[in-house]
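For reference, the structure is listed below as structure tokens.
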Amino acid sequence: MRFFDAHLHADCRSSEEIETMALFGTEAAVTLAVGAGFSASASMLDYWDRLMRAEPRRAARYSLRLGTGLGLHPVTANGDYREALEDLPTWLALLGVVAMGELGLETGSAQEAALVQAQLTIAKQVGLPVVLHTPEENRLAVTHQLLEIVGQAALAPAVVLVDHVAEDTFETVRASGCWIGLTVHPRSLTPQRAALLLERYGPERVMLSSDVGRDPADLWSLPRTALECRRLGLGEVAQPAFYDNACNFYGFDGPRW
Ligand SMILES: [Zn+2]
């Protein structure tokens, strides 16, 4: 099975871990910005610089092609990142930046909503796909709030991936026309639950990811989910969710990569 991990944080992981992911068949991935723990735009810009320059080079040593997503995560919503926000369009124009993300809502506060609105305006101008975070707590209500903001921004659903979808939000996100991100992570879905969602709904507009980052996660979440799909007798039916859909969404093999 070929794997395209649609959402991870490569900067939080060792080279040995990146190599492990390549060894079990991860051919491509997108590393997204979070930027927790900074207090100024200058730090955020240094962080973006490292993400887009150092990480793809490191992954390339293991023949894993790594695209970069940049943006201001909801954890940064209470900080003063006006300068970073102003500079964001310039950064998004750089080669190797394949998406905006991760953006989104955690609590759904006014600050978070304003930050995501400002960035979706930029998304419309630059035409890059957008990866949106949804929370574990109060997921359905916050997902509705987020989709309303996407609607107000008049962003085409075809360029939006709503991530960390689970059983309670799957149908809502599917009805919106946006892409559906299933994150196989201890905080989100088990491989079994992700496979059952694929069995129930099929792989159309679904993308799998590990969200491997700073917190405890499972490097093997995609192959484990593939095994669960085999156990359910899905065969190759689920394959687009493991690879092809992410290629389409992120324009893999296009000029940005
Ligand atoms: Zn993440």
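First listed ligand is number 1; within each ligand, the first listed atom is number 1. The chain is numbered in sequence order, starting from 1.
For His164 and His185, the distance between ring centers is not under 6.0 angstrom. Phe4 has its ring centre less than 6.0 Å from the ring centre of Phe252.
More than 12 heavy atoms of other residues, nucleotides or ligands sit less than 6.0 Å from atom CD of Glu17.
Under 2.8 Å from the Zn ion (ligand 1), one finds the following protein N/O/S atoms: His7 NE2, His9 NE2, Glu102 OE2, Asp211 OD1.
Under the rule for a salt bridge (charged side-chain N to carboxylate O under 4.0 Å, His left out), Glu19 has no partner lying at least two apart in sequence or in another chain.
To the nearest 0.5 Å, the span separating CE on Met44 from CG on Leu70 amounts to 10.5 Å.
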(request) Starting from the C-alpha separation in whole Å, work towards a yes-or-no answer on ring pair (Phe, Tyr, Trp, His ring centres under 6.0 Å) for Phe170 and Tyr201. (result) CA-CA 9 Å; Phe170 197 104; Tyr201 296 106; 4.1 Å; yes
